[in-house]
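It should be emphasised that the depicted structure is a prediction, and the values quoted were computed from it without experimental measurement. Convention: sequence-line order gives letters A, B, ...; per-chain numbering from 1.
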Number of protein chains: 2
Amino acid sequence: MRTSRDDGPAALLRLVATGQAESRAELARLSGLAPSSVSLRVEQLIEAGLFAEEGAGASRGGRRPRRLRLARQAGAFLVADLGAHHARLSVVDLAGAPLALDELACDIAVGPEETLTAVIASLRSLAHAHGLRDVPVRGVGIGLPGPVDPATGQVVSPSRMPGWNDFPVRDFVADHAGVPALIENDANLMAVGEHRHSWPALDNLMVVKLGRGIGCGVIVDGRLHRGRGAAGDISHVRILSEATVDCSCGHPDCLEAHASGAALAAALGAHGIEVERPAQIVDLVTDGVPQATSAVRTAGRLIGDVLTGLVNFFNPDALVIGGSLSEAETLVSTIRGVIYERCLPLATRNLEIATSRAGRDACILGAGHLLLDRSDAWIDHILDR
Amino acid sequence: MRTSRDDGPAALLRLVATGQAESRAELARLSGLAPSSVSLRVEQLIEAGLFAEEGAGASRGGRRPRRLRLARQAGAFLVADLGAHHARLSVVDLAGAPLALDELACDIAVGPEETLTAVIASLRSLAHAHGLRDVPVRGVGIGLPGPVDPATGQVVSPSRMPGWNDFPVRDFVADHAGVPALIENDANLMAVGEHRHSWPALDNLMVVKLGRGIGCGVIVDGRLHRGRGAAGDISHVRILSEATVDCSCGHPDCLEAHASGAALAAALGAHGIEVERPAQIVDLVTDGVPQATSAVRTAGRLIGDVLTGLVNFFNPDALVIGGSLSEAETLVSTIRGVIYERCLPLATRNLEIATSRAGRDACILGAGHLLLDRSDAWIDHILDR
DNA sequence: CTAACTTCCTTTGATTTCGAAGTCAAACGG
DNA sequence: CCGTTTGACTTCGAAATCAAAGGAAGTTAG
């Protein structure tokens with residue numbers, strides 16, 4: 001696992017925030033700094049109000065450590081995970097742990113200004129409602145269901161976000177919230193969340209998000225791989241199928257056109273079964289509705305086929321399947337079966353295939369972690385006074 | 001572009017070796033160290049015999065810089081790129097530039113002990129023949145046509161290297177040569193070579209090696225991505241074809257079974273055209289032999305199909321096509337066409353698709369660079385006396 | 001209970017690294 | 001020519017960091 005710089009005060013804060021270190025001694029061991037230097041820095045961090053001492057911890061055979069934790073006053077991040085029709089909002093502490101959660105109904109299609117303004121206002125009132133008025137906000141993180149250019153913080157040619165193309169989301173949010181903003185694709189946030197929360201020891205991870213669409217985030221060497229902003233796209237690979245379906249991208253027979261939640265809903269609709277949200281598909285499968293089970297199994301085979309090649313190529317330590325459809329046991333086991341059958345033994349001999357462990361908050365956790373990773377600047381600034 | 005640590009004496013040596021810095025001032029700028037610290041370190045490196053001063057460079061408006069370069073005595077690496085039937089041998093300086101080149105006929109199928117012993121002996125005599133007896137050897141690098149486990153330095157279930165499975169190649173070479181050994185897959189070495197030699201400014205690269213087999217090396221964030229040792233495999237993706245061909249891996253219709261140099265040779269053999277080496281296929285295409293052109297075009301389409309999905313997923317800055325078959329213009333243009341037609345615009349808008357620029361020595365260059373990246377230990381050791 | 005050991009943290013002087021000012025050697029411009 | 005400017009090093013005191021020793025506060029074993 002790798003973050004920003006491995007020294008500096010922000011590194012100590014990260015170690016404490018992520019729960020890796022609880023005492024000066026642990027900080028010294030993990031940071032590589034001399035114990036004396038750690039003591040000095042911790043002193044500064046306590047004076048600056050970022051750390052707090054909290055009694056003594058358990059002895060490990062010698063003197064008991066003086067436990068360190070983040071001060072409440074250290075700050076919080078505002079985080080929103082935007083879907084097509086609603087947003088999950090959260091105030092998280094610097095460790096990424098949710099202090100408050102809320103949902104907001106909002107149609108992303110009304111355009112960026114209106115949506116983002118409403119989201120920011122709701123985030124602020126959420127913080128106030130939970131008595132966090134006195135906790136400084138250190139950053140805002142927004143997850144979006146479309147490709148984000150990491151260089152500019154803009155959404156680039158999204159398929160389901162009319163009016164958002166090339167809109168300067170990052171600048172808009174940073175201006176309106178008055179703090180640094182992080183804009184990221186939702187599948188990428190989910191990947192970071194799963195990695196940090198559930199698989200911190202693994203360096204290479206693929207996280208597939210199966211919901212209305214099909215997304216994928218990739219962790220390489222402990223860090224999110226963005227490429228030029230489009231990395232992780234698996235939904236527009238061409239697959240082989242009997243009936244040809246045209247995809248919104250203009251090509252025929254993309255994976256997304258056959259195996260996404262939206263595609264499944266459409267297929268079931270043709271059988272007279274109306275589905276509004278992907279979660280309902282899970283219910284149908286659980287209830288043993290044959291058309292649903294069959295459709296999901298077909299989708300699983302198609303997804304598994306595509307993932308086979310990617311697993312061979314990327315050779316990850318784990319493949320995590322998340323998103324609302326991942327709760328359909330049938331879907332996951334079909335995918336798992338295809339991969340184990342068809343991948344090279346070398347690629348699967350140590351491969352974990354698991355469902356999401358961070359659950360529905362994975363995106364929020366991920367945003368918190370990324371914001372913490374980028375906290376060097378304001379931490380240094382606070383200490384410099 | 002990222003290497004090992006960014007400070008320390010080895011970092012300065014790397015900057016000079018790679019030609020990024022030629023003076024103390026440049027070293028200070030690029031390393032982030034204070035000019036005074038750089039001067040001190042350079043002094044030590046000169047005393048240790050690793051650096052040499054070489055007159056003054058061109059002025060950039062003020063005092064002329066004192067040019068630094070690697071001392072001849074600083075050392076050299078021995079490098080071998082092993083193919084199925086012959087090996088390319090080279091002595092390279094610390095910058096990775098070949099000081100001497102040679103070829104050795106050797107059948108890799110006779111087993112690891114015999115092959116490696118012969119290779120090491122030939123490397124030593126190559127160095128002696130070029131008057132490098134007094135230059136210390138700092139490491140040996142070996143490229144192999146099979147998957148290498150980065151943790152153990154062993155070859156893992158190679159398809160065309162009988163007797164090599166689980167043989168401790170790295171330990172054997174290190175013991176017999178008496179210096180640290182680097183063992184790596186040949187496509188991976190090629191990727192590093194292309195990256196450092198031709199595309200140092202790009203961070204994400206796919207390098208496809210088309211020869212007798214199909215290999216691929218991946219550079220992520222400036223560093224070689226190994227995964228668990230099998231990363232970069234693209235040859236056993238299932239493709240769709242009319243006639244079914246079984247692959248050595250046990251599955252039907254792998255890319256390699258249809259589009260590799262070996263597969264092309266077999267297909268041409270069925271038409272009564274005997275081919276021994278992949279390069280001969282290039283000649284046939286250049287000569288306009290219709291069966292060859294047609295076969296190569298089909299192979300290009302298959303390879304392009306597979307790469308499409310990977311380019312969408314990985315979203316690289318450039319896709320480099322190397323290996324002996326890459327000299328067939330038809331093959332490359334077919335691949336390029338398929339990718340530009342079928343990939344997402346987002347993935348191709350800034351994508352370079354190019355043929356190898358480092359040419360046939362790419363593997364050797366790559367090995368040199370990787371060995372330099374791992375030179376921290378011995379450099380520190382020399383300075384510590 | 002006491003003595004020995006462990007672990008955590010602080011103290012202390014030595015070392016490294018930095019940063020700002022100073023020196024050097026060239027190009028530039030009257 | 002001779003000052004001025006620019007960039008490349010050097011010098012030197014200040015600051016950061018370290019490593020080693022010491023003190024603090026426990027556990028463990030007889």
Kindly point out which of [options] is positioned nearest to the side chain of [X]?
X     : options                : value
A:R63 : D:dA24, D:dC18, C:dC18 : D:dA24
B:S37 : D:dA19, C:dT10, C:dT17 : C:dT17
A:P35 : C:dG19, D:dC18, C:dT10 : C:dT10

- Query: Looking across every strand, which nucleic acid part, if any, lies under 4.0 Å from B:R29 by heavy atom: base, sugar-phosphate, or nothing?
  - Reply: sugar-phosphate
- Item | Sugar-phosphate, base or nothing in reach of B:R41, heavy atoms under 4.0 Å | sugar-phosphate
- Task: Locate the shortest heavy-atom distance separating A:R170 from A:A151; write the atom from each residue and the value.
- Result: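 Nearest heavy atoms, A:R170 then A:A151: NH2-O, 2.9 Å.
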- Smallest heavy-atom separation, B:P9 atom then B:I379 atom, equals CB-CG2, 4.3 Å
Rounded to whole angstroms, how far apart are [atom1] on [X] and [atom2] on [N]?
X      : N      : atom1 : atom2 : answer
A:E43  : D:dT17 : CD    : P     : 15 Å
A:D384 : D:dA16 : CG    : C1'   : 14 Å
A:L33  : D:dA20 : CG    : P     : 16 Å
A:L383 : D:dA16 : CG    : P     : 12 Å
B:L30  : D:dA8  : CG    : P     : 12 Å
A:R24  : D:dA24 : CZ    : C1'   : 13 Å
B:E22  : D:dC9  : CD    : P     : 11 Å
B:E53  : D:dC9  : CD    : C1'   : 11 Å

Looking at [X], does any N or O in its side chain come under 4.0 Å of the phosphate oxygens OP1/OP2 on [N]?
X     : N      : answer
B:S36 : D:dC12 : no
A:R64 : D:dA24 : no
B:R66 : D:dT10 : yes

- Task: Spell out yes or no: do the side chain of B:S59 and the base of D:dA8 have one donor N/O and one acceptor N/O closer than 3.5 Å?
- Result: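 Not at all, since no donor on one side and acceptor on the other fall under 3.5 Å apart.
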Between [X] (side chain) and [Y] (backbone), is there a donor-acceptor pair under 3.5 Å?
X      : Y      : result
A:R138 : A:A76  : no
A:D317 : A:D203 : yes
B:R67  : B:G55  : no

- Comparing nearest nucleotides in DNA chain C, the 5'-proximal residue of the pair A:R60, A:S39 is A:R60
- Between A:G32 and A:G61, name the one whose nearest nucleotide on DNA chain D is closer to the 5' end. A:G32
- Task: Please tell me which of A:G62 and B:A25 maps to the more 5' nucleotide of DNA chain D, matching each residue to the nucleotide holding its nearest heavy atom.
- Result: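 The answer here is B:A25.
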